[in-house]
Amino acid sequence: MSRILITSAIPYINGIKHLGNLVGSQLPADLFARYNRARGHEVMFICATDEHGTPAELAAAKAGKPVAEFCAEMHAVQAQIADGFRLSFDHFGRSSSPQNHKLTQHFAGRLKAAGLIEEVSEKQVYSNADGRFLPDRYIEGICPNCGYDKARGDQCENCTKQLDPTDLIEPRSAISGSTDLEVRETKHLYLRQSALKDELDKWIDTKTDWPVLTTSIAKKWLHDGDGLQDRGITRDLDWGVPVKDGENDWPGMEGKVFYVWFDAPIEYIAATKEWADKTGGDWERWWRTDKGADDVRYIQFMGKDNVPFHTLSFPATIKGSGEPWKLVDYIKSFNYLNYDGGQFSTSQGRGIFQDQALEILPADYWRWWLLSHAPESNDSEFTWENFQAGVNKDLADVLGNFVSRITKFCRSKFGEAVPEAGDYGSAELALIAELETRIQAYVAQMEAMEVRKAATELRAIWVAGNEYLQSAAPWSTFKEDEAKAAAQVRLGLNLVRLYAVLSAPFIPDASAKMLSAMNTLDTDWPDDVSAALSALSGGHEFAVPDVLFAKISDEDRESWQDRFAGTRD
RNA sequence: GGGCCUGUAGCUCAAUUGGUUAGAGCAGAGCGCUCAUAACGCUUUGGUUGCGGGUUCAAGUCCUGCCGGGCCUACCA
């Protein structure tokens, strides 16, 4: 048994996330957490909401609520949705927690003491009407290059030219439209990532087993142009972690907060402390290598947009602190899931949102399809036809129907108890041998976090049950040799339990239903397949379950296609 | 503009990292079965691996040039 720390990239608080967010981090992380628990490892699975920053303030203002209240409500909504998808976090924290405030300030203090913080005076655009400094992309105006009138302060979307806000003609606030803007001097803290460049570079070089997607993004940032740049870690906002030097005030930084990308990853640690404060557990044995975390394996899951922060900024924070914090061992990153030929988009309301998905179908349908199509090597594509076909075939026909046919056949010939006559013969031994090979392959893919390949192996394991039933044909055997048919059915019923155990990381609800129907609490991993297929012995009572997976009809598919064709609201 | 990823059967994806005749699932066709959610099983039709050059005994894989798709580009998070 080993200890495994798993974190999923923390979703931003601003609104309900779409399915792309789910498949890019939380869902595969949950798959891996459930798998490792099933293998008997001690797992700490952490996620949280990322609550600070300008968009949260604006969304709260739009909703007419104080930002703290807005975030608390949205956190509850996201927690409920996560629960709906059966995400098995040990703790779902909040980056606005007091624990994170304290820890973020602590790290800042350590980095300052190590000489890794620089104070920089810079000029930024201030909007008098909005009463705030504006991030570059919240300033709009006419592009000096192409004349497009909705160019943003960081880039013109029309001609893709990189811009400075001061380049814009007739600049205005994207928030209020006000043109009452001025350039003000303001002081900010920069994390001197450049001073840690060589150390980070060497560290990344040792990670030869990481996905190319992860290391190539890190390398790009390390080597592009002048190399890794220092990064501003503070903002002129009200909502966030107040800038402090550990416990002490930071002269000259009054009224400023840390930038979300400084405090958000620290929340992984703080959320574990939130968990500890709630449960009385020990968080330091997961995070402090001087307090037991040296034998922890730490794995992060995230979409590709988050890679620079996790490969560079956060490690810079950890390393720069000079304290023995646990560093990530493996970063599993994902590409994007597209929706019918374009991107899912939270801001544009395009695609299927998590709450809507749960309204129309149970979690397992989404979990199975999304995981078996996880965008690992490339961006992948959601289409309703694909979704319908995949779910109907894999879940309803292959797995669901298998459970249905064996339990119903047994009920009609032997009643609702495992028949005890007969012994397993050569056909059964052959199946056991095949399953041993396939389960080994499944385990190998799960250990390697090859999500799609693991799904393929699992499906092949389900198919093996149908193949066996077809060739054993207990409905024929029964007419000549009742004892032989009994043994065949007994094996089939044991397969249901085996499938429940193996499939639980992907489809936990169906797995629970299968176990419940088989009237067993035995969820031991089938290290010994032969023994596992004798777990339910003669006389053990069971119940024929309801249909595990109803099929998606063409009418359903078409109506959902229509409903989700446009944008939300 | 720069960097990275990518293009394989109608669709979604593989291919042990340069090694026999490029494989699966779905969809299509045929046969079988009747326990089952008209479900299952078996067989089978589909590919000049985007296009052109090159290296090599050997290229889907490496190099190069085109063409297409995607992401990132540091103040969205």
Side-chain angles (χ1 to χ4, degrees), chain A residues 9-14 50 52-56 58 122 124-125 133-139 152-155 160-162 164-165 188 193 212-213 215-217 219-221 223-225 228-232 235 259-261 264 303-309 312-313 335-336 338 341 343 346-347 372-373 375-383 385-387 389-390 392-413 452-453 455-456 459-460 463 465-476 478 485 488-489 492 544 546-551:
Chain A
I10 68 179
Y12 197 63
I13 192 70
N14 188 6
D50 175 16
H52 297 136
T54 310
L58 296 180
E122 53 192 16
Q124 283 197 347
V125 174
F133 282 94
L134 297 177
D136 288 356
R137 71 167 47 199
Y138 283 101
I139 303 160
R152 293 187 322 212
D154 55 343
Q155 186 178 35
T160 73
K161 188 177 170 60
Q162 304 273 324
D164 261 352
H188 282 297
Q193 299 185 134
V212 178
L213 184 64
T215 48
S216 65
I217 293 174
K219 283 287 177 187
K220 157 79 167 152
W221 281 54
H223 298 298
D224 193 43
L228 188 60
Q229 300 296 297
D230 295 341
R231 192 174 183 104
R235 293 290 183 272
Y259 174 46
V260 286
W261 267 111
K304 57 184 164 185
D305 51 333
N306 275 328
V307 167
F309 303 103
L312 304 169
S313 308
N335 287 284
Y336 290 148
N338 290 325
Q343 278 191 35
T346 305
S347 56
S372 61
H373 294 78
E376 287 175 300
S377 55
N378 235 326
D379 290 357
S380 69
E381 173 89 4
F382 178 95
T383 66
E385 287 83 359
N386 251 323
F387 176 70
N392 284 352
K393 194 71 194 170
D394 298 347
L395 295 181
D397 295 346
V398 176
L399 177 62
N401 183 56
F402 173 80
V403 173
S404 195
R405 66 195 293 207
I406 187 62
T407 53
K408 285 181 180 171
F409 180 75
C410 183
R411 181 172 63 184
S412 74
K413 303 299 184 205
R452 277 187 315 206
K453 288 177 181 174
T456 300
R459 187 189 190 279
V463 167
N466 282 314
E467 285 171 351
Y468 168 77
L469 275 193
Q470 194 64 36
S471 65
W475 48 90
S476 300
F478 184 78
Q488 291 169 340
V489 169
V544 174
D546 293 336
V547 166
L548 279 181
F549 298 100
K551 289 205 199 189

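Every chain is numbered from 1 and lettered A, B, ... according to where its sequence line falls, protein lines coming before strand lines. Both backbone and side-chain heavy atoms feed into the values below; hydrogens, waters and symmetry mates do not.
Rounded to an integer number of Å, the gap from A:Leu469 CG to B:G41 P is 10 Å. Put simply, OH on A:Tyr468 is 20 Å from P on B:C33, counting in whole angstrom units. Between the P atom of B:A38 and the CZ atom of A:Arg405 lies a distance of 13 Å, rounded to the nearest Å. Atom-to-atom, NZ of A:Lys408 to P of B:C40 comes out at 15 Å; the value is rounded to the nearest Å. Separating the NZ atom of A:Lys220 from the P atom of B:G3 is a distance of 8 Å, rounded to the nearest angstrom. In this structure, A:Phe382 places its CZ atom 20 Å from P of B:G70, rounding to the nearest Å. Between A:Leu548 atom CG and B:C40 atom P the separation is 15 Å, expressed in whole Å. Going from atom CG of A:Asn392 over to atom C1' of B:C11 covers 16 Å, rounded to whole Å.
Checked by atom type and distance alone, the side chain of A:Asp230 pairs as donor or acceptor with a backbone atom of A:Gln193 at under 3.5 Å. In this structure, the side chain of A:Asn338 does not engage the main chain of A:Phe382 through any donor-acceptor pair within 3.5 Å.
For A:Lys453, a side-chain nitrogen or oxygen approaches OP1 or OP2 of B:A15 to under 4.0 Å. Side-chain N/O atoms of A:Arg231 include one lying less than 4.0 angstrom from OP1 or OP2 on B:C75. A:Tyr259 has no side-chain polar atom (N or O) that falls below the 4.0 Å cut-off from OP1 or OP2 of B:C76.
How far OH of A:Tyr259 is from OG1 of A:Thr54: 9.0 Å, rounded to the nearest 0.5 Å. To the nearest 0.5 Å, atoms OH (A:Tyr468) and CZ (A:Phe402) are separated by 9.5 Å.
You'll find that the side chain of A:Glu467 is closest to B:C42, out of B:C42, B:A77, B:C75. Considering only side-chain atoms of A:Lys393, the nucleotide from B:A77, B:A27, B:C4 that sits closest is B:A27. Closest to the A:Ser216 side chain, of the nucleotides B:C4, B:C11, B:C75, is B:C4.
With its glycosidic angle within 90° of 0, B:G46 is assigned syn. Taking 90° from 0 as the syn/anti boundary, the base of B:U17 is oriented syn.
A:Trp475 qualifies as a stacking partner of the B:C35 base, centre to centre under 5.5 Å and near-parallel within 30°.
In this entry B:U49 has no Watson-Crick or G-U wobble partner, no candidate having both defining distances under 3.5 Å. Of all nucleotides present, only B:U73 satisfies the Watson-Crick or G-U wobble test against B:G1, with each distance under 3.5 Å. Nucleotide B:A29 forms a Watson-Crick or G-U wobble pair with B:U43, both donor-acceptor distances falling under 3.5 Å. The base-pairing partner of B:U34, taking Watson-Crick or G-U wobble contacts with both distances under 3.5 Å, does not exist among the strands shown. In this entry B:C57 has B:G19 as its Watson-Crick or G-U wobble partner, both defining distances falling under 3.5 Å.
Closest non-hydrogen pair, A:Gln488 versus A:Ala472, comes out as NE2-O, 3.4 Å.
Remark: the A:Asn401 side chain and the B:A36 base include a donor-acceptor N/O pair separated by less than 3.5 Å. Put simply, the side chain of A:Gln470 and the base of B:C42 share no donor and acceptor less than 3.5 Å apart.
Taking the C1' atom of each, B:U21 and B:G65 are spaced 31 Å apart, rounded to whole Å.
Between A:Tyr336 and A:Trp261, it is A:Tyr336 whose nearest contact on RNA chain B lies nearer the 5' terminus. Comparing A:Leu399 and A:Asn466, the nucleotide of RNA chain B nearest to each residue sits closer to the 5' end for A:Leu399.
The residue A:Ser412 sits apart from the nucleic acid: no heavy atom pair falls under 4.0 Å.
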